[in-house]
Amino acid sequence: MYYPDQRYASELTVIRREAMLPEEAQGTVRAVQGKRVDIRDVVVTGVIPSRYILLDVAAFFRLRRVEKADDLLQVGVGDVVEQEQVIAGKRADRGKRLFSPVKGAVSFIEDGRVIIQELPDVIDVEAGVRGRISHVEPGRGVIVEAVGAQTQGVWGNGKNVIAVLRAEPEEGLENIVADSLEQRYNGTIVLTRRPLVEASFRVMHAQGFAGVIAPSMDSDLMGLAFAWDGAILLTEGFGNIRMSNAAFNLLKGLTEDVVTLDAHTPGRFETRTPEVIVNVRARDAKPTPPNVRLALREGMTVRVTRPPHLGITGKVSSLPKFPVKLPNGLRVPCARVELVSGESADIPVANLEVLGR
Amino acid sequence: MADNVRSILAADFGSVYTRAVLIDIVDGEYRLVARSEGRTTDGFPVYDMALGFDRIVRELADSTGRRLADSAGRITTPENTNREGVDLFALSASIGRPLRAVVIGLMPSVSIQSAIRATTGTYIDVRAVISVDQDRTEEDKLNAILLSYPDVIFLTGGTDGGASEAVMRNARLAQFAVRLIDETRRPTLIFSGNQALATRIHEMFEPLTTVFIADNLRPDIERERLEAARYQLGRAFDRYKETRQKSLASVAERSQTGIISSANGQTIVAEYLSKAGDTDVAIIDAGSGAFSVAVAEKGRVYSSIRTDIGLGHSAPQALETIGADAIRRWLPFIAGDSDLKNYAMNKSLRPGSIPMTLRESYLEHAFLRAGMRRVLVEANPDWAERPLTTSWAIACGSALTRTGSAGYDALLILDCLQPDGVTVLESDPFGLIPAMGAIAGDVPAAVVQLLEGGNLTRLGIAFSGAGQPRYGKPAMKITIKPQAAQAPRIKMTVDGGRLGVYPLPAGEYATVTVSCRGGLRINGKRRVKLTVEGGALGLLFDARGRALSAGDTPQTRAERLPYWVADVTDDPPHEVPERWLKPPDAPAASDDDSDSATADGKRRWWRRRKADESAKPTTEEDRIADVLGNKDGDEQDELGDLRNVLS
């Protein structure tokens, strides 16, 4: 029995969305299990630890006995201090005094030394979907369950936006610039079937797109993608790959809806995927949760994840018992797949993705 | 414990696959009775490794007709009178992020260097190094520790009875840092320095965090002893996996051995086999997230693990670490930097996928060969200058063991190790080696009995020559006298730069005489005569010479690499298309068989890419400024004004 990878592309499903702080951050969850949240609700707040400043009070005042430093302290552990605030001195208003070089919090005092941690930037993590909190991980974040449409991509540039999804014009998004008065794409997420090139970025920036959903781009453009303010989600990968029909048709059906584009950058040691989510009102018949135990079987609709059939969907027509020899000489377990292009091909089972629903 | 252990379940969690073996005593000896594997399920959509593990355990139970777990999925231990469960349940893992470590020592060329060498024995990412000669303030050092978010602080320095004040200064700095870290996230402290300070250091840290004390890795300036430090680093890894990685911890709860690192298991087995058989052993593992080697050569064990070199999850980091040029040296076509980066990025997005086109299989194997060479040379820099000599090579990981052809597997192992001499080649497609490492401490007899019991796949035996033979001229003259009755004597010649195979099956023996010609020598000898056993491939004669080179240009490599594959498989050589060897100035060169776009679409994309490239600024910053930095230019202002009027 082989359990293939799954990637969700569904018009109506139960969405399970993680809203978590980065691993290094320390924070507080602001919601409880079972609570209903809206897209923009902050569910967890945290900080990434910032730089520590070490102030040697004993050395500054040339004290022979370090414990004498305690008598000079004008602050205590936990105090928030302003830049240039007096940290130590016989009097706070005159005489020789030691000032804080930064705005921060006093985190440690011992042996005549004071440690101040610079005030870090606060990270607010929003729910991203309208739903109910199904799990709380103390200090890290929550999992929100919602009902809606969900399409997962493969890569994102680390940004998040919530905006209207709009399809590119027939002639491609690079040609939007030709009509200088065009502004219907300003502030929207634009769906394109074509791979992004550098010229795309010029248009995306100049026209003020909020985000872009594209099939692929050259890895050379990653620097630009990270630098751009908007969110970018790739559905297929890197290089010159067009968007698969399955992904395009679903996304096309979501145009003119307000969507959440979570362009998360997949990390080497984490499991979250970038995704597009559209909340829909829960209908009378609530969709069943996705089946995480889908074994590969005949008749199943699958998508190919490697060239030469990358992105093409098809139906599994048989599962040969023995490994099949590929044109490159490797002999591996395969499934016979009737591709939508009409072709029939032996595809390694490791290169098949089930479009989860 | 060994006396009570009859049945063993050992599982290894890799980044892509989880494998398990069931071992039991049959006819008085430990035997592999069943094995199973499946995808590791730590990611989407399951997010729970226990689920994938339960599937595997169920498959083992179905194939043996024996219940291994209770109704809640917990492995039953010890085995009960109904033969349900197992006596020992052992775990190993290479999955997940490596330990983040900060190394603190005295001198970069002494204790720091040894400490970093010790960290290559397990999955560790050294985030910061602090030494006494650094021109950094105490505040800078403190921040270097704290902002590395370490899982481990590895404190070393001072020979036994030697420097103490500087070591204690470092210890106080580390203690200061530990106290500033939230109690739930405090790093483990490992001390492997001047043993006269061990008690004081233990007392300093014991109230704050977990402390492991190891023997000094530099007991004196001349000697280096890494074993004890490596052992404690391994314990820190186990502790981290068991306590911090929740998904793995839920499975680990059921194990009696805890979790050992897969690579540590390989090192244990290499050392054990080397001592038990008085032989040199090399174990290599090419995984999705990490590569590792463990080589026992002439009584000494060399090991290295690189978590930034892998074929899937770590492919982009591998490209950065190994360098594009080292990878290109194994490619029979012209590949630009962005081609390699696109490939590596796509592999990291779908780490379990398999190359289907010829071009992609060359790329995959180029990453494999160049990456493994890098890890090997790091384990022992001497191997950059001279070939490795090992009489037994065992390969782990799907890329090296699952090509579907014994010849292809053998070729890849030879290209990675590039040994000189006579080497038995075996592959471990079922994850037996890390399992052996996990049980070696409790049931040492099982390791020898299982490995001698033919539970690895014996590919055959390789006769590899060092030196530079003349390409296309006879380099090895071979006479083979199979021991099977009435088998005729066989004579064959292998030309320089090529490989030859004689299909002697496993269990059959032959007396082989190899006479080298030209500049070739086998382990320094012109003539070798041996009686050997065959394997799935048989006898392999490698007359390509050492140091091995596939050629300096793509054209040369296009003439050699397809023949090397053809020599060891039954396939005819693949012809390298001419367009692969042309600079990518035409759409066709971008690889017709590598994507699903139409030819027209590809041409348009290529033209757009070329247009982009022709106007490309020199640095990334310039490019970003050029593309994204001019929104507020005059033209935009005018457009904005016009829009305002219109609205």
Side-chain angles (χ1 to χ4, degrees), chain A residues 1 3 5-6 8 24 26 49 51-54 107-108 115 154-155 180-181 183 195 197-199 201-202 205-206 218-220 223-224 227-228 237-242 266 268-269 271 273 290 292 305-312 323 325-332 347-348 350-351 356, chain B residues 38-39 42-47 96-97 138-139 142-143 146-147 149 179-180 182 313-314 338 341-342 345-346 348-350 352-358 360-361 402-405 408 565 569 571 590 593-597 601-602 605 608-609 612 620 623-624 627-628 631 636 639 642-643 646:
Chain A
M1 195 81 82
Y3 296 87
D5 286 341
Q6 288 194 36
Y8 284 170
E24 298 82 15
Q26 296 177 354
R51 198 175 158 77
Y52 290 84
I53 309 296
L54 199 157
S107 55
F108 198 79
I115 304 266
V154 295
W155 187 84
S180 305
L181 302 181
Q183 56 176 330
V197 292
E198 192 175 289
F201 280 85
R202 290 181 194 277
H205 183 64
D218 203 280
S219 54
D220 271 357
L224 270 178
W228 187 50
F238 290 88
N240 170 30
I241 314 164
R242 283 175 71 83
R268 197 159 44 125
F269 303 111
T271 53
T273 52
V292 298
T305 61
R306 285 289 283 256
H309 306 293
L310 198 159
I312 300 179
K325 192 168 184 180
L326 301 174
N328 61 10
L330 301 181
R331 195 184 293 270
V332 292
I347 311 286
N351 296 359
Chain B
R39 294 298 286 263
D42 67 324
F44 177 84
V46 180
Y47 301 107
R97 86 163 163 77
E138 189 178 6
E139 182 182 296
L142 187 71
N143 280 298
L146 293 168
L147 300 180
Y149 313 110
R179 291 169 76 176
L180 287 169
D182 183 78
H313 294 84
S314 304
S338 63
K341 199 169 172 191
N342 286 343
M345 285 302 299
N346 287 330
S348 73
L349 298 176
R350 290 170 172 122
S353 63
I354 292 168
M356 288 171 69
T357 65
L358 185 60
E360 288 217 324
S361 61
R402 295 284 178 90
T403 64
S405 153
Y408 216 144
V565 178
T569 59
D571 303 333
S590 72
D593 63 357
S594 72
D595 60 58
S596 56
K602 206 175 292 183
W605 174 78
R608 284 191 295 164
R609 194 169 110 156
D612 282 351
E620 189 65 24
R623 186 190 201 188
I624 291 168
V627 178
L628 304 179
K631 193 179 176 184
Q636 290 302 322
L639 276 175
L642 198 51
R643 279 181 183 143
L646 288 171

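- Minimum interatomic distance between Leu349(B) and Val154(A) (heavy atoms only, all atoms of both residues): CD2-O, 3.1 Å.
- Here the side chains of Leu358(B) and Pro327(A) are not in contact, with every heavy-atom distance at 4.5 Å or above.
- Atom CG of residue Leu310(A) and atom OG of residue Ser353(B) lie 9.0 Å apart, to the nearest 0.5 angstrom.
- Interface summary for chain A: among Ser348(B), Gly352(B), Gly38(B), Ser314(B), the most heavy-atom pairs under 4.5 angstrom belong to Ser314(B).
- For Leu224(A), the parts lying near chain B are the backbone and the side chain together; criterion is any non-hydrogen pair under 4.5 Å.
- Listed here is the closest heavy atom pair of Ser338(B) and Ser219(A): O-OG, 3.6 Å.
- Side-chain atoms of Met356(B) and Asn351(A), non-hydrogen and from C-beta on, do get closer than 4.5 Å to each other.
- Residues passing the side chain to side chain contact (heavy atoms under 4.5 Å, CB included) test with Ser405(B) are Thr403(B), Tyr408(B), Thr569(B), sequence neighbours excluded.
- Taking the side chain as every heavy atom from C-beta outward, Tyr149(B) and Glu24(A) approach each other to under 4.5 Å.
- Looking at Arg350(B) and Arg306(A), their side chains never come closer than 4.5 Å, going by heavy atoms from C-beta outward.
- Contact of Val332(A) with chain B is made through the side chain alone, with heavy-atom distances under 4.5 Å.
- Without hydrogens or angle criteria, Asn328(A) side chain to Thr357(B) main chain gives a donor-acceptor distance under 3.5 Å.
- In summary, Asp571(B) and Lys325(A) engage in a salt bridge, as defined by a charged side-chain N under 4.0 Å from a carboxylate O.
- The choice from Leu147(B), Leu180(B), Leu142(B) that makes the most heavy-atom pairs within less than 4.5 Å of chain A is Leu180(B).
- A donor-acceptor distance shorter than 3.5 angstrom exists from the side chain of Asn346(B) to the backbone of Phe238(A), with no hydrogens or angles considered.
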#### Entry: Arg202(A)/Leu628(B) under side-chain contact (heavy atoms from CB on, under 4.5 Å): CA gap, chis, key distance, verdict
CA-CA 6 Å; Arg202(A) 290 181 194 277; Leu628(B) 304 179; over 6 Å; no

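- Residues Pro348(A) and Ile354(B) come closest through the heavy atom pair CB-CD1, 4.3 Å.
- For the pair Leu330(A) and Pro355(B), the tightest heavy-atom approach, listed with the atom from each and the gap, is CD1-O, 3.8 Å.
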### Task
Applying side-chain contact (heavy atoms from CB on, under 4.5 Å), run through Arg51(A) and Glu139(B) and close with a yes or a no.
CA-CA 9 Å; Arg51(A) 198 175 158 77; Glu139(B) 182 182 296; 3.5 Å; yes

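- A donor-acceptor pair under 3.5 Å is absent between the side-chain atoms of Asp218(A) and the main chain of Asn342(B), judged by distance alone.
- In this structure, no portion of Pro323(A) lies under 4.5 Å from any heavy atom of chain B.
- Options Glu138(B), His313(B), Arg39(B) differ in how many heavy-atom pairs under 4.5 Å they form with chain A, and the most are formed by Arg39(B).
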### Task
Test side-chain contact (heavy atoms from CB on, under 4.5 Å) on Arg179(B) and Ile115(A) and set out the steps.
CA-CA 11 Å; Arg179(B) 291 169 76 176; Ile115(A) 304 266; over 6 Å; no

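- When heavy atoms are compared at a cutoff of 4.5 Å, Arg402(B) approaches chain A solely by way of its backbone atoms N, CA, C and O.
- In this view, Thr273(A) and Gln152(A) satisfy the side chain to side chain donor-acceptor pair (under 3.5 Å) rule, not counting sequence neighbours.
- Of the atoms belonging to Ile53(A), heavy atoms from both backbone and side chain fall under 4.5 Å from chain B.
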